[in-house]
2 protein chains.
Amino acid sequence: MTDEKTAILKGTLDMLILKVVALGPIHGYAISQRIQQISKDYFQLQEGSLYPALHRLENRGFLAADWQSTDTGREAKFYKLTRKGRKRLETEMEGWERMTEAVALILRTAE
Amino acid sequence: MTDEKTAILKGTLDMLILKVVALGPIHGYAISQRIQQISKDYFQLQEGSLYPALHRLENRGFLAADWQSTDTGREAKFYKLTRKGRKRLETEMEGWERMTEAVALILRTAE
DNA sequence: GGGGTAAACATAGGACTCCTAGGGGTGATC
DNA sequence: GATCACCCCTAGGAGTCCTATGTTTACCCC
């Protein structure tokens, strides 16, 4: 059952992650916090969504990772964009623009 | 594999259909044409997506259907919005607004 | 020292949605 | 009478997100 709680539209998450990583190297756990913070709590990213997404982005060559220690003294996997990932982000953003415009065309149609 | 061809964002289709049906009673086949036309060919709705969507919208009580004949003299299943469907469309449109705003917040973040 | 909490990672399984690829019937057109 | 456009339908697969659960380590408090 698709209920109203499904906040993140399927297919959007990758773009959001790429965008946040584009702001600077960052580890997974912090990505989810950052997305939540920037979106003013609209997106509450679950870890069960986050980590699989990170792995597939890495597998596809959009992200590169290495282990470093955080401010709080723990080991964490820091991600950064690859060149391919930067391109991907661009095309995804353009696609998002076109898509939302197409939706807007329909939603604004008054008979 | 998620490639760039995936035009319709999962979860958006129901809203688009409800909106088009809200413009006036219309049968399934015409819905897909109308969506394609209004969106200036951006959305090319497949029948394998359309009909299952119509059935679930009907099952959930958002659409009501009856058979009538078209201009071209064929039998077709005409859909119209129920009261519940009209409410659903409203909440989906509000949700869409909030969601795209949240995405915009993230996409426009320039460190 | 022991217990609790937050940070940080991970995976399995289910639900849902969309698409591909079929199938079928009818009216119009050449 | 064959082809095309119209009009409906379903099964199966791929992909994405979520729930639920598990692990380890740093920190805090008593």
Side-chain angles (χ1 to χ4, degrees), chain A residues 1-18 25-37 42-60 62-63 65-79 92 99 103, chain B residues 1-18 25-37 42-60 62-63 65-79 92 99 103:
Chain A
M1 192 110 55
T2 300
D3 50 354
E4 298 70 17
K5 287 176 47 209
T6 304
I8 298 195
L9 213 47
K10 304 187 181 174
T12 310
L13 181 56
D14 286 11
M15 180 177 67
L16 298 182
I17 291 176
L18 289 176
I26 185 172
H27 64 272
Y29 193 83
I31 291 174
S32 68
Q33 294 179 313
R34 202 106 165 72
I35 286 180
Q36 177 165 350
Q37 170 216 339
Y42 181 85
F43 293 119
Q44 315 223 345
L45 184 45
Q46 306 306 314
E47 305 197 6
S49 310
L50 171 68
Y51 292 110
L54 287 174
H55 297 157
R56 73 173 166 256
L57 288 171
E58 191 178 0
N59 285 337
R60 292 180 195 169
F62 300 137
L63 294 180
D66 59 340
W67 290 87
Q68 297 177 22
S69 44
T70 67
D71 305 342
T72 61
R74 280 193 207 77
E75 288 296 295
K77 216 167 162 184
F78 279 75
Y79 290 91
E92 286 213 12
M99 197 272 293
V103 169
Chain B
M1 194 114 47
T2 300
D3 52 353
E4 298 69 17
K5 288 175 45 208
T6 304
I8 298 196
L9 212 47
K10 302 187 182 171
T12 310
L13 181 55
D14 287 9
M15 180 176 67
L16 298 182
I17 291 177
L18 290 176
I26 185 171
H27 63 270
Y29 193 81
I31 290 174
S32 69
Q33 293 180 314
R34 202 106 165 71
I35 286 181
Q36 179 165 349
Q37 171 215 338
Y42 182 85
F43 292 120
Q44 316 221 346
L45 185 45
Q46 307 306 313
E47 303 197 6
S49 310
L50 171 68
Y51 292 109
L54 288 174
H55 297 158
R56 74 173 166 254
L57 288 171
E58 192 178 359
N59 286 336
R60 293 180 195 170
F62 301 136
L63 294 181
D66 59 340
W67 290 87
Q68 296 178 23
S69 44
T70 66
D71 305 340
T72 61
R74 283 193 205 76
E75 288 296 295
K77 214 166 164 186
F78 279 74
Y79 290 92
E92 286 212 13
M99 196 272 292
V103 170

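All chains are named by letter (A, B, ...) in the order of the sequence lines, taking the proteins before the strands, and each is independently numbered beginning at 1.
Rounded to whole Å, atom P of dC6(D) lies 11 Å from atom CD of Q36(B). Atom CG in L45(B) sits about 16 Å away from atom C1' in dC6(D), given to the nearest Å. Per the geometry, CD1 belonging to I8(B) stands 11 Å off C1' belonging to dT17(C), to the nearest Å. Taking atom CG of L9(A) as the reference point, atom C1' of dT16(D) lies 11 Å away to the nearest angstrom. Atom P of nucleotide dC8(D) and atom CD of Q46(B) are separated by 16 Å, given to the nearest angstrom. Rounded to whole Å, atom P of dT16(D) lies 12 Å from atom CG of N59(A). Residue L57(B) contributes atom CG, which lies 12 Å from atom C1' of dT17(C) at whole-angstrom precision. In this structure, L18(A) atom CG and dT16(D) atom P are separated by 12 Å, rounded to whole Å.
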(request) Scan nucleotides 2-11 of chain C nucleotide by nucleotide, 5' to 3', and note B when protein non-hydrogen atoms come under 4.0 Å of the base, S if they reach only the sugar-phosphate, - if neither. (result) -----BBBBB
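Between R56(B) and F62(B) the shortest side-chain heavy-atom distance does not fall below 4.5 Å. Residues Y29(B) and L50(B) fail the side-chain proximity criterion, which asks for heavy atoms closer than 4.5 Å. At a threshold of 4.5 Å between non-hydrogen side-chain atoms, the residues I31(A) and L54(A) count as touching. Here the side chains of F43(A) and Q36(A) are not in contact, with every heavy-atom distance at 4.5 Å or above.
Note on R56(A): every side-chain N or O is 4.0 Å or more away from OP1 and OP2 of dA14(D).
For D71(A), the side chain to side chain contact (heavy atoms under 4.5 Å, CB included) criterion is met by no residue, not counting sequence neighbours.
In terms of modelled atom types and a separation under 3.5 Å, the side chain of Q46(A) and the main chain of Q44(A) share a donor-acceptor contact.
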